[in-house]
Student: 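Have a look at the structure that comes next, please.
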Amino acid sequence: MSSQVIAFAVWGNPAYWRLANYKSNGEGVKSFSTLEILSQVEKPKKVILIVSDTLALEAPDKITSYDDVVEKARSYAERYVCSHLDEFEIKVLPGVIRKNKGNAVYVFKADMDDFRSLALYEIYMQSIREDRPLELTLDISHGINYMPTLTYDSFREAAALYSVSRIQRTKIRVYQADPYPILQKETEEKLKRDESSPCTPKSQDAHPPDVAYNLLLEENVYPWEVTRYIGFQKQKVKQTLNDVRNFPEHESVKSLIEELSLPLIGAYRLGAIVQLALLAKPALAAEGASASASGGSINSGQSDSCAPKANWSLKDIEVFLKRSIEEWRKGREPFEDGNEIIVESKNKFAPGFRALLQTHAILSGIKSLISTSELEVVTLTELKNLKKLYQGSKVVTHLLDREIEKLDFLKGKILEDWTPYYKYRSGVQSKDGSRVKKCDPIFKRDFIAHAGFHDEVIEVRKFNSEIQIRVKGCYWCCIKNILEDAVTT
């Protein structure tokens, strides 16, 4: 299946831009922004424009609510979009400004982590809506101050999330135009927008200067790159917002992150694909309302309160992300303080927001690699499929190859009854189970060194000519502690 392109671009205030002849590969496009040359070069299926909510101050009337701020900013930016695009959206993110307007002083304040979190969410969610493989492009020509830097960071991270979710390498490209040249005042005046028709210049005989449109970066992003962004402060990772006192979904979000997100992300980071599959299966089964997904733990014959449960699905994650954004927006309502009208976020996104995005991406990638017909076991074939998630890491791939080859070598010896893995390993002796269950440093070291294929933890059997693997239920609490420690500080 051939790939298609989704393009993202950041804008400051477009009202004061002048007409230019943007040039790329010898071809030029006369326009007030780089959207036209971007469209010509990339031919994107869709363009998403990212603007600041401070553009609302360009509207003539007073702002009344944050919904009003967002709508005013969107409408203002849209007026200056002169391209005829098939699919186009404007996303409004929090900005910073202090500006006199009439008899009031408007003060917009924002936390830059909130900007990054929202940009990451928008770029990732826009990308996964497409069925065909994507290439992602970003234009940072017109962004102001912090916008290009933060959007690029989020763009890169979102590309890694998308790569995991689609189990593919993703090509990204970043563009930026040269600075607009200094011109004579008379010439510059002719090249400004006509206020009554902002897509045309003030003078029809204006001759715009050539401005080069540059490809700054072209790279492949692999699934493993998402691990660059894994790592959370333990104190805040179990919530999506810093202030959860008025957030009714908080306890559900906390449970989801504790039971699924942290161990799942930890298993991915350590290459512990047995545990990764067994954590993912109940969530993916719940997605399809499987009869197996009844909310009970798996390995029911081996009771363990920490065993994976079918309580959460991809849809739940999407709902909690949306609700977190809604709750954040409630805290950005304008309020008056003397002669100042302040727009300031009273809440901030916490690390759990990013953890949910990573959970969503990893689960989405696993979805096409495993079956959910049996939640308590993973097959050798499924483990081989899961190696695709580790494109971009030779180290983890070699580690998994080593452990999988051990199982392949033993295939002819494995019986139909469930048997501890160590009994098939020559020279490997059983350890003191009571000591191991305490999750001591030696157990933790061995678990990590063997990517979760710990001899005491794993049981194997042959079923219908396929090798099946499961985790002894009594070890899940210990395992989850290790997996959580791998991603928290």
Student: Between Q275 and F453, is there a donor-acceptor pair closer than 3.5 Å when you use the side chain of the first and the backbone of the second?
Tutor: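 Checked: no pair found.
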Student: Can you tell whether the side chains of R228 and E225 come within less than 4.0 Å, N to carboxylate O?
Tutor: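 A salt bridge is present here (some side-chain N lies under 4.0 Å from a carboxylate O).
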Student: Is K330 salt-bridged to E327, going by a charged N under 4.0 Å from an acidic O?
Tutor: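 Salt bridge flag = yes for E327 with K330.
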Student: Taking only Lys NZ, Arg NE, NH1 and NH2, and the carboxylate oxygens of Asp or Glu, determine whether K348 and D243 approach each other closer than 4.0 Å.
Tutor: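 No salt bridge links K348 with D243.
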Student: Looking only at side chains, do S2 and R132 share a donor and an acceptor under 3.5 Å apart?
Tutor: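 There is such a pair (donor and acceptor under 3.5 Å, judged by atom type) between the side chains of S2 and R132.
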Student: Going by an N to O cut-off under 4.0 Å, is there a salt bridge joining R470 and E376?
Tutor: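 The answer is no: the pair does not qualify as a salt bridge.
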Student: Between L321 and T240, does a side-chain contact (heavy atoms from CB on, under 4.5 Å) hold up when you go through it step by step?
Tutor: CA-CA 8 Å; L321 286 166; T240 54; 5.6 Å; no
Student: With sequence neighbours excluded, what pairs up with D113 under the salt bridge (Lys or Arg N to Asp or Glu O under 4.0 Å) test?
Tutor: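 D113 satisfies salt bridge (Lys or Arg N to Asp or Glu O under 4.0 Å) with no residue once adjacent residues are dropped.
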Student: Any idea how Y268 and W224 line up, ring-wise: parallel (<30°), tilted (30 to 60°), or perpendicular (>60°)?
Tutor: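 If you compare the ring of Y268 with that of W224, the planes turn out tilted.
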Student: Does the separation of the ring centres of Y213 and Y175 fall below 6.0 angstrom?
Tutor: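 Close enough - the centres of the two rings lie under 6.0 Å apart.
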Student: When you check the gap from the basic side-chain N to the acidic O, do R173 and E218 get nearer than 4.0 Å?
Tutor: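 A salt bridge is present here (some side-chain N lies under 4.0 Å from a carboxylate O).
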Student: Please examine the side chains of F8 and Y152, heavy atoms only from C-beta on, and report whether any two atoms are closer than 4.5 Å.
Tutor: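 The answer is no, as the side chains (C-beta and beyond) never meet within the 4.5 Å cut-off.
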Student: Please work out which of the three classes, parallel, tilted or perpendicular, describes the rings of F349 and W328, given edges at 30° and 60°.
Tutor: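 Geometry flag for F349 against W328: parallel rings.
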Student: Look at the SG atom of C306 and the SG atom of C477, then say if they are under 2.5 Å from each other.
Tutor: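 Bridged: C306 to C477.
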